[in-house]
Every structure is written in C-alpha cells, then in structure tokens.
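Treat the numbers as computed from the prediction; the structure is a model and nothing was measured. Residue numbers start from 1 in every chain, and the chains themselves are labelled A, B, ... in the order their sequence lines are given, proteins ahead of strands.
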Amino acid sequence: MSARRVVVTGMGALTPLGLSVDAFWEAALNGTSGAAPIESFDAEKLRTTFACELPDFDAEDYLDAKSARRMDPFCQYALVAADEAVRHAGFDSDEMPQDLKDRIGVIYGSGIGGMQTFYEQTDYFINSGETRVSPFFIPMLIPDIASGQIAIQHGFRGPNHAVVSACATGNHNISDAFRLIKDGTIDGAVCGGTDACVTKLGIAGFASMRALSTRNDDPAHASRPFDKHRDGFVMGEGAGALFLESLEHAQARGATIHAEVLGTGMSADAHHLTAPDPEGGGVKLALNRALETAGMNPEDIDYINAHGTSTPLGDAAETSAIKQVFGDHAYDLNVSSTKSMTGHLLGAAGAIEAIACIQAMKHNVVPPTINFEEADPDCDLNYTFNEPQERELNVVLNNAFGFGGHNTSLVLGAFEG
Amino acid sequence: MATDIESAVKNIIVEKLGVDESDVTTDASFTNDLGADSLDTVELIMEFEKEFDLTISDEDAENIATVGDAVDYLSEKAA
C-alpha cells in the first residue's frame, strides 16, 4: 500500500498545569508554574523537596475503585489521558463496531513504569516475607501494562506495544504509531506516554544523579530552561495521548482534524549513559532525519518545542544542534520549553509537548519559556522568554531526548486539505 | 468466634473485590458471582493468611471457592 497521510484527530492531557488539554493549554499561555513543595509524601530529607505534581487528581473520579487499586498511578494517568483523546476524536468505544476496533492500535509507553509499586512491594518482600508479594505486583510494575489496559478498556485489537526510551518515550510511541498508520498496517492508534515518578525513591534516584534542581526555597522559579542560572530539571508527572488516523479514515467519518504528522527523526548519541553529546551530533542526526522524512527544508520550521529540561549541559547541547542544522534560520524561528511550566514529565514529556505544538498551531501562538532572568552566552536563540508570542505557525518540530542517548524529533504541520 | 471470622472474611472480600456487602453471601462463588479473576483469588488467599496468621497450601486453596468455603476452612484452622 502506498504511504498514507496521518492526522491527529484527538488529544488527551493530564498535567501538573491541569487535568485536560484545555486546562493545560490555558495555564501554559498564562505562564503558570506547576512546581511546589511535594505534598504526596514527606520529602524533607531529600536533596530536592519539590516537584510538579498533578493538582487534585483522584483516580476514583475516573475509574472504579477495584480497577484503580490494580494499577500503579502511571497506568491510571495513561487511561485517563487516552480516554480523553478517544472521546475528543469523536469516538465512543462502546458504540464502535469490532472490525473497526480491530484496526486501531495502542502504541503507548512509560519511561519508568510502576516505580511506587516496585518500592512498596520490595518493602513488603523484605519486611513481611518472600511469599507476601502481591499477585498484582508484576502487572502493575511493567511499563507496557498501560498500552494493555488502554486496549482492554476500549477493545482496540490492533498492534499493541510500548516503546521505552526514558524521556524520549512519548515521541517514540507517536513515531511508531505514525509509521504503522502511514504504511497501512492500521487505520488509527492511541499513542503517547505516561510517568508517575514523583515518589520518594524516584526523587531520591534522580537527585543522586544531580539531575534535579535544588532550588528548594523557590520551586516556582526552579525550572528555567536556557537561563544562565538553571541548575537541573524539576520532576513532573502525568500523561499525554494522541489519537492518530489515516487522513482518508478521518475524512470518511467527517472527523475534526487538528494537525498532521509529517515526519519523524530518530537517532542515538552513542556517547554516554546520561550526559548529552556536547557537540550535539546525535541530535543533529535526528533533526535532519525528521526534516528529510517530512520533506521539509530547515526554513520551513516556524517553532521548535525544545526538549529544554533546564539542565546546564542539555540546554546548551540542544541549542548547539539546532544552530548546526538550521543555520541563520535558527535565529528566526521560535524555540520554547514548556517544561519551564510543567516540569519534566519523563515518558509523558514528548506527548504533552506534541499537544503543546498542535495547540500552538491551532491558535498561532507560541507558549513561553518562563523564569528567564539572565542570558547564557551558550543559549542565544529566541526562546520565547516569559511571554507567549503570536506567530503564524504552519510547521513545527517537537524534540525529546532520553537517558541512554535516545533522540527523537517529530515534525507536525497545520492541516491543509 | 465463627461470627468474628465470618465478618473478617466478608470485610476482606468487600475490600479486595470491590463488591457490595449484600452480595457476599455464604454460597457466593468468588469467580462466578463476585467477579474475581485468577489474580484476585490469589490475593484473597494471601489476605486470609495475613489476617489469620496462617499458611494456606495451594491444595487447600483450590478447594476454597465460595465465601462459605473460606469461613469453614478458616474457622477450623484458626480455632
């Protein structure tokens, strides 16, 4: 089958800025910080004592008590975001014929999986005995259970798997879904990523790496990508989901089309466990491959939603790669990091930021990078500091990179029939 | 004593299976009537072990299919 066009017909977001796409987007345009002292556990003895937690999330608002109890929070988040995306696409899965549902896949991952479940069950194993581990331990722990649970909830029987690539997870899963639809394997897919790593062990682990900001006395200003005084990322939690469809399938049912997925570029740094290649070699490859698969020139890109986690090395390396690929145009396009507001949602980041890109194109406005105070000579692009910027946006790019040196860059376009 | 055991058993079932207390009758089968799957039944057995501080062998567990089976078994073992 010849390559088909792939469009976005549904979106779902569960973020520290709000528990729906609309709430997230409104808060992002207002430059809201989602960071605050951690409330869900006592973080006093940790190196970092704040994070971007979901506001007022209660799984039982969405799931029955028994189902919720059998899921780690990362999986609960995924189900909620996926459900919003499916409904936003105009589907009620109870009313869909099975032959349609058999051609819808779920390609949905998590960077970490059930961190809190692992912690609790290990504690139980050590302190209560080897035979006391819950029979739900393994199915609550494994990162692929979210894609399985989404399929169970909606009856989608197309390809079902989870790409796990740390903080590139969201983009990788969208990329796989895009390719499966493009080549005709399936007609539609729920895709994206989720993570729930604001746990005592999670924060302790990332803090030990010195990856997290320690601006404990001023959480709201801690996530400051590209600012001279950035000192690490701020942990976030949540989930993002897209419903992708072939253009012909979406048009045949008269669906509202929010954007088009134009291309995807993937590469490895092949450099270090966690540190980015300072030359940006791998990122450069991903950017060039993304442009190539989308059939775009560098000058066609209007906006880049940067990975921009607010780490000293990462932001500078990403800037360097953008300048190498885009040349003079690097200074014309807008760059921003919505992580300045949401924190870093790990495996959900790529999906949430793809939604930010799509909303930006729909409204022709670039969401800001908040908390900028002082320029860093190594970061000299237009990062849309502190205020959103109105701009006609036709083609945008979404970066997501993960520990392990995984690089992904997704090209999204405003839909033009 | 039997009543204490019965009410403890029923509380565990209500909590773990998320069912109404009124459905937890003596004859109710965990799998056929109360919606338990294979993992739920393992969890129930483990909760009984914890609550009554005893070990239930896999052979014995296979014969505990209803609320009444559990109450009878635990009344005998915990006595």
Side-chain angles (χ1 to χ4, degrees), chain A residues 57-80 83 94 113-114 116-155 157 160, chain B residues 5 7-67 69-71 73-74 76-78:
Chain A
F57 176 78
D58 182 350
E60 292 184 26
D61 291 344
Y62 305 90
L63 302 161
D64 68 77
K66 185 183 165 193
S67 299
R69 202 170 50 78
R70 288 169 149 215
M71 294 175 201
D72 186 271
F74 90 94
C75 187
Q76 298 170 352
Y77 301 167
L79 277 184
V80 174
D83 193 58
D94 291 338
Q116 183 61 16
T117 296
F118 189 82
Y119 173 80
E120 287 170 5
Q121 292 298 317
T122 303
D123 181 62
Y124 219 48
F125 177 83
I126 292 169
N127 294 311
S128 298
E130 288 85 340
T131 60
R132 298 298 190 194
V133 172
S134 166
F136 294 106
F137 169 39
I138 299 299
M140 286 170 71
L141 167 74
I142 52 182
D144 54 287
I145 205 66
S147 67
Q149 290 277 22
I150 293 167
I152 291 166
Q153 186 179 48
H154 295 284
R157 299 200 301 188
N160 190 294
Chain B
I5 289 177
S7 86
V9 165
K10 286 186 174 178
N11 285 342
I12 288 171
I13 294 168
V14 166
E15 192 207 322
K16 292 297 170 187
L17 300 184
V19 291
D20 282 342
E21 199 174 343
S22 60
D23 293 329
V24 187
T25 58
T26 305
D27 293 337
S29 153
F30 299 136
T31 51
N32 297 332
D33 302 316
L34 299 176
D37 63 19
S38 59
L39 298 178
D40 288 319
T41 51
V42 174
E43 189 180 43
L44 278 181
I45 295 295
M46 288 174 59
E47 285 300 313
F48 296 151
E49 290 180 328
K50 196 168 122 192
E51 175 74 22
F52 297 100
D53 193 23
L54 46 77
T55 302
I56 302 174
S57 70
D58 286 354
E59 292 75 24
D60 286 352
E62 277 175 29
N63 293 319
I64 302 175
T66 67
V67 178
D69 292 342
V71 173
Y73 179 87
L74 294 166
E76 189 187 323
K77 293 284 179 182

Inset, instruction - Determine whether more than 12 heavy atoms belonging to other residues, nucleotides or ligands lie under 6.0 Å from atom CG of Asp53(B). - result: no
Legend entry - Residue-level contacts of residues 61-78 of chain A with chain B, using a heavy-atom cutoff under 4.5 Å: Lys66(A), Arg69(A), Arg70(A)
Inset, instruction - Identify which part of Ser128(A) has an atom lying under 4.5 Å from any heavy atom of chain B, answering side chain, backbone, both or neither. - result: neither
Inset, instruction - Can you spot which of Ile12(B), Asn11(B), Asp33(B), Val19(B) makes a side-chain contact (heavy atoms from CB on, under 4.5 Å) with Val24(B)? - result: Val19(B)
Legend entry - Main-chain N/O of Glu120(A) paired with Asp123(A) side-chain donor or acceptor, under 3.5 Å: no
Inset, instruction - Could you look at Glu15(B) and say if it's the side chain, the backbone, both or neither that has a heavy atom under 4.5 Å from chain A? - result: backbone
Legend entry - By side chain to side chain contact (heavy atoms under 4.5 Å, CB included) - contacts of Ala36(B) (at least two apart): Leu17(B), Phe30(B), Asp40(B), Thr41(B)
Inset, instruction - Check the side chains of Gln153(A) and Gln149(A) for a donor-acceptor pair under 3.5 angstrom, ignoring hydrogens and angles. - result: no
Legend entry - Nearest heavy-atom neighbours spanning Asp144(A) and Ser147(A): O-OG, 2.9 Å
Legend entry - Leu34(B) versus Asp23(B), closest heavy-atom pair with distance: CD2-O, 3.6 Å
